[in-house]
S.K.: 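First the structure, which I've put down as structure tokens, then a few questions once you've had a look.
Computed from a predicted structure; not experimentally measured.
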Amino acid sequence: RATGETVNDIAQAVATGDMRAEWKVELPAGGSRFTAQIMMHGTALGAGASDGAEFTVEASAAGKTLRHSAYYDCRNFDRAQNLPRDFELDLTPLAGETITLVLCVGAGPRGNATRDDAMWLTPRVEKSFTGPGRVELVAPFPVGAVTGAGEFRREGNRVVFTAPLPGKFTLKGE
């Protein structure tokens, strides 16, 4: 709601609540994570605009709740400083459950909701993977060996092999 105050000709507002989005998500039996990037829209920048926003993700099932919050402070930012930030929550403790996933954005530390144009970028749940996996790379040089992996084969300028994932491997030239 409006406060009646203006700063640099921008009408100020006070927070009246959080913005929430909620989904039911069936998690795989193995590990998984929620991942996204967060940032503020350019209209949130500048004197008298937003004091930032608090981003929260919450996952709950079977009486257990996981939660992660991050404050995006955009006070005194210009457009060059307003970059997306990584935001993650490990969902492995809820593996195999159908969870309630909640994304929430609230006002900054002063409770000022003025121009709090907050953005979740590419929010998703990703399945964690461990074990042997097929790796296919475009090699900028002729490959003679791959350390940290099994047998490899060349297909034109590509190298294909199986390696433990996550893991490390090194391509060695001929």
S.K.: Going by the rule side-chain contact (heavy atoms from CB on, under 4.5 Å), which residues pair with E136 if we only count those two or more places apart in sequence or in a different chain?
M.R.: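 Residues passing side-chain contact (heavy atoms from CB on, under 4.5 Å) with E136: R134, R158, V160.
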S.K.: Linking I/L/V/M/F/W/Y whenever any side-chain heavy atoms sit under 4.5 Å apart, do V102 and Y71 land together?
M.R.: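 In one cluster with V102: Y71, no.
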S.K.: Just jot down the salt bridge (Lys or Arg N to Asp or Glu O under 4.0 Å) partners of E58, sequence neighbours excluded, or say none.
M.R.: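 Applying salt bridge (Lys or Arg N to Asp or Glu O under 4.0 Å) to E58 gives R67.
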S.K.: Taking side chain to side chain donor-acceptor pair (under 3.5 Å) as the definition, give me every residue that meets it alongside E155, ordered by chain and number, with sequence neighbours left out.
M.R.: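 Here the qualifying residues are R153.
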S.K.: Can you name the residues that form a side-chain contact (heavy atoms from CB on, under 4.5 Å) with L165, not counting sequence neighbours?
M.R.: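 Scan of L165 (side-chain contact (heavy atoms from CB on, under 4.5 Å), adjacent residues dropped) gives F129, V135.
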S.K.: Would you check, one step at a time, whether the test side chain to side chain contact (heavy atoms under 4.5 Å, CB included) holds for T35 with D86?
M.R.: CA-CA 8 Å; T35 184; D86 293 335; over 6 Å; no
S.K.: If you compare all heavy atoms of V105 against all heavy atoms of A53, which two are closest, and at what distance to 0.1 Å?
M.R.: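 It is CG1-CB, 3.9 Å.
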S.K.: With sequence neighbours left out, which residue pairs that include part of residues 120-133 fulfil the salt bridge (charged side-chain N to carboxylate O under 4.0 Å, His left out) condition?
M.R.: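 Checked against salt bridge (charged side-chain N to carboxylate O under 4.0 Å, His left out) - neighbours excluded - the pairs reaching residues 120-133 are R33-E126, R124-E126.
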S.K.: According to side chain to side chain donor-acceptor pair (under 3.5 Å), who are the partners of T56, at least two apart in sequence or on a separate chain?
M.R.: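 In terms of side chain to side chain donor-acceptor pair (under 3.5 Å), with neighbours along the sequence ignored, T56 is linked to S69.
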S.K.: Distance check, rounded to the nearest 0.5 Å: F34 atom CZ versus L91 atom CG?
M.R.: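 F34 atom CZ to L91 atom CG measures 8.5 Å (nearest 0.5 Å).
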S.K.: Can you name the residues that form a side chain to side chain donor-acceptor pair (under 3.5 Å) with T65, not counting sequence neighbours?
M.R.: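 With sequence neighbours excluded, T65 shows a side chain to side chain donor-acceptor pair (under 3.5 Å) to no residue whatsoever.
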S.K.: Got a sec, which residues hit side chain to side chain donor-acceptor pair (under 3.5 Å) with E174, two or more places apart in sequence or on another chain?
M.R.: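 Listed in chain order: R154.
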S.K.: Quick test of your reading: applying side-chain hydrogen bond (donor to acceptor under 3.5 Å, both in side chains), list the pairs with at least one residue in residues 95-107, sequence neighbours left out, ordered by first then second residue.
M.R.: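 Listed by first then second residue: K24-T100.
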S.K.: Shortest non-hydrogen contact from T92 to G31?
M.R.: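 Smallest interatomic distance, heavy atoms only, reads OG1-CA, 3.4 Å.
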S.K.: Run F169 and V159 through side chain to side chain contact (heavy atoms under 4.5 Å, CB included) and show every step you take.
M.R.: CA-CA 12 Å; F169 53 85; V159 179; over 6 Å; no
S.K.: Suppose we screen for ring-ring contact (aromatic ring centres under 6.0 Å, His included). Which residues come up paired with F87, at least two apart in sequence or across chains?
M.R.: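 ring-ring contact (aromatic ring centres under 6.0 Å, His included) check on F87 returns H68, W120.
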S.K.: For P93, give me all partners under side-chain contact (heavy atoms from CB on, under 4.5 Å), at least two apart in sequence or on another chain.
M.R.: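 Once residues adjacent in sequence are excluded, the partners of P93 under the side-chain contact (heavy atoms from CB on, under 4.5 Å) criterion are K64, L66, D90.
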S.K.: Does anything in residues 131-155 pair up under ring pair (Phe, Tyr, Trp, His ring centres under 6.0 Å), and if so which pairs, sequence neighbours excluded?
M.R.: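 As it turns out, there is no ring pair (Phe, Tyr, Trp, His ring centres under 6.0 Å) pair with a partner in residues 131-155 once direct neighbours are skipped.
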S.K.: What's the separation between atom CG in L103 and atom CD1 in I38, rounded to the nearest 0.5 Å?
M.R.: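 Nearest 0.5 Å value for the CG-CD1 distance: 11.5 Å.
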